[in-house]
Amino acid sequence: MNDVTTNILKTALKTLYYTRLDAALAPITQGAGVIFMLHHVQPGRPDPFAPNRILSVTLEFLSTVVEHVLEREFDIVSIDEAHARMASGKIGKRRFATFTFDDGYRDNIEHALPIFRRHDVPMTIYVAPDFCDGKGRAWWVTLEKVLAEMTSIAVPFADGERVLPLTTVADKYVALNEIYPWLRAMPDAAIHMHVDRWAAIARIDPFAACRDLVMNWDEVRAAAKDPLVTIGAHTMSHASLAKCSSDQARWEMAASIEHVEHELGTDCRHFAYPYGDAGSAGPREFEIARELGLHTAVTTQKGLIATNVSDQLTGLPRLSLNGDFQDERFVKVLLSGAPFKMMELAKSALPRRRAA
Ligand SMILES: [Zn+2]
């Protein structure tokens, strides 16, 4: 999600919260349900330089959201039950909510699962087998460690190499804001090449950095034994699929599904597209997911689940509970669906204004 979209959604949230218009709009905007997206659940205060904290919610916030969703008379259901409801098109009186976690972080089991057990409600975790095998690299984790560790960094931008200072926390955030979008525009192999080179200079092992955070297969198998937990796939290497060739994208998806099935001995019918924005997963990937027989595949495109999505089950939107929107006041407003309608209207107005 880019800054413009985030800002539009935040403005819509504030407007709706203070005007209370969300309640009036809810009957026409709330849809059939919601798929929540999370990554980390972590207690405590972050270090001063912790940009990936944006991917994290606190235990208290997650607990509050689960309680709020139950009070709002949603059925909190497994992704299989959500699929059954969406595929049948039979939307009952009660809306459904599904909680999903990307990447397979160990804190999902340490901190999130106890909350779900307390309420006896299910959760889904999407894992990338290379991560669980200990041979994956979460480059955004490595990059954070590199920037935290180093006092300057040489970046070979297209218009020439520049050395960015990393002396203060503010310097580190300025550098990150330049480096991150520059990297994200590249193919995955080029991202890893740059980040691994910096990691070598900073004496950081990118594979170990990933292993420290992500569950191994023994932990995934233990989690999967809990009837409240569904394990889905998330590509083999956490690939940005739209940047891959068609064959490569298909392999990343199919191999990850097979690998999860092999490790767990059960069917894997659910998938999350890494990064999940429109630049990382689109109609080609949605079609591959259909051909692979997946029941659902989720993006990170923001939205609730509309009442008629039976032909869009491999390109489903989610509602992020990540740091950007970690505000209890706004969860209620988000669940009305009204902010997304406002965002749609605002976005459709933007190009017209530019063209005028
Ligand atoms: Zn991911």
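Hydrogens, waters and symmetry mates play no part in the numbers below; they use all other heavy atoms, side chains included.
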Test Asp80 against every option in His270, Arg85, Arg269 by the side chain to side chain donor-acceptor pair (under 3.5 Å) rule and name the one that passes.
->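 In the set His270, Arg85, Arg269, the residue that makes a side chain to side chain donor-acceptor pair (under 3.5 Å) with Asp80 is His270.
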According to a hydrophobic-cluster definition based on side-chain heavy atoms being under 4.5 Å apart (Ile, Leu, Val, Met, Phe, Trp, Tyr only), do [X] and [Y] belong together?
| X | Y | result |
| --- | --- | --- |
| Leu62 | Ile79 | no |
| Val141 | Val169 | yes |
| Val41 | Val229 | yes |
| Phe99 | Ile35 | no |
| Ile231 | Ile76 | yes |

Rounded distance [0.5 Å steps], [atom1] in [X] versus [atom2] in [Y]:
| X | Y | atom1 | atom2 | result |
| --- | --- | --- | --- | --- |
| Met215 | Asp107 | CE | CG | 9.0 Å |
| Lys135 | Phe131 | NZ | CZ | 12.5 Å |
| Thr64 | Leu321 | OG1 | CG | 11.0 Å |
| His68 | Leu70 | NE2 | CG | 10.5 Å |
| Ile54 | His40 | CD1 | NE2 | 12.0 Å |
| Arg137 | Asp205 | CZ | CG | 10.5 Å |

What I'd like to find out is whether the side chain of [X] reaches to under 4.5 Å of the side chain of [Y], using heavy atoms alone.
| X | Y | result |
| --- | --- | --- |
| Leu264 | Val220 | yes |
| Trp198 | Ile204 | no |
| Arg211 | Asn216 | no |
| Pro156 | Trp182 | yes |
| Cys210 | Asp212 | no |
| Val195 | Leu183 | yes |
| Arg53 | Gln42 | yes |
| Leu316 | Thr299 | no |

Just by modelled atom types, is the [Y] backbone N or O under 3.5 Å from a matching donor or acceptor in the [X] side chain?
| X | Y | result |
| --- | --- | --- |
| Arg106 | Val214 | yes |
| Thr300 | Asp277 | yes |
| Lys172 | Leu166 | yes |
| Glu285 | Gly282 | yes |

Distance-only criterion, 3.5 Å: show the donor-acceptor pairs between side-chain atoms of residues 144-155 and protein atoms not counting sequence neighbours.
unit_1, atom_1, unit_2, atom_2, d
Glu144, OE1, Asn52, N, 2.8
Glu144, OE1, Asn52, ND2, 2.9

Connected hydrophobic set around Val174, excluding itself, where side chains approach under 4.5 Å | none
Phe271: hydrophobic cluster co-members (side-chain, 4.5 Å) | Leu241, Met253, Ile257, Tyr273, Phe286, Ile288, Leu292, Leu294
Does the gap between the ring centers of His238 and Trp139 come in under 6.0 Å?
->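 Centroid distance His238-Trp139: not below 6.0 Å, so no.
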Give a yes or no on whether the ring-centroid distance for Trp217 and His259 is below 6.0 angstrom.
->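 Yes, close enough.
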Tell me, with the steps shown, if Ile179 and Leu143 meet side chain to side chain contact (heavy atoms under 4.5 Å, CB included).
-> CA-CA 9 Å; Ile179 294 170; Leu143 180 63; 4.2 Å; yes
Specify the closest pair of heavy atoms between [X] and [Y], including all atoms of both residues, with the distance to one decimal.
| X | Y | answer |
| --- | --- | --- |
| Arg184 | Ser240 | NH1-OG, 4.2 Å |
| Arg284 | Cys244 | NH2-O, 2.8 Å |
| Ala239 | Asp188 | CA-OD2, 3.2 Å |
| Ala82 | Val77 | N-CG2, 3.7 Å |
| Gly31 | Thr307 | C-CG2, 4.1 Å |
| Ala306 | Ala32 | O-CB, 3.6 Å |

How about Asp103 and Tyr105: does a side-chain donor come under 3.5 Å of a side-chain acceptor?
-> yes
Under 3.5 Å, is there a donor-acceptor pair linking the side chains of Glu252 and Ser237?
-> yes
With side chain to side chain contact (heavy atoms under 4.5 Å, CB included) as the test, would you mind laying out the steps for Leu164 and Asp171 before giving the verdict?
-> CA-CA 8 Å; Leu164 306 178; Asp171 288 343; over 6 Å; no
Using the side chain to side chain contact (heavy atoms under 4.5 Å, CB included) rule, take Val34 and Arg95 through it: C-alpha gap first, then chi angles, then the decisive distance, then the call.
-> CA-CA 8 Å; Val34 58; Arg95 290 191 288 160; over 6 Å; no
Side chain to side chain donor-acceptor pair (under 3.5 Å) partners of Asp102, counting only residues at least two apart |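 Partners of Asp102 under the side chain to side chain donor-acceptor pair (under 3.5 Å) test: Arg318.
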Taking only residues two or more places apart in sequence or in another chain, which ones pass side chain to side chain donor-acceptor pair (under 3.5 Å) with Asp218?
-> Arg221
Do the charged groups of Arg290 and Asp311 touch, with an N to O distance under 4.0 Å?
->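 No salt bridge links Arg290 with Asp311.
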Report all side-chain donor-acceptor pairs from residues 109-128 shorter than 3.5 Å, counting only partners two or more places apart or in another chain.
unit_1, atom_1, unit_2, atom_2, d
Arg117, NE, Asp226, OD2, 2.7
Arg117, NH2, Asp226, OD2, 2.8
Arg118, NH2, Ser63, OG, 3.1

Given the rule in the side chain to side chain contact (heavy atoms under 4.5 Å, CB included) test, do Phe36 and Val69 qualify, once you have shown the distances and angles that lead to the verdict?
-> CA-CA 11 Å; Phe36 289 108; Val69 167; 3.8 Å; yes
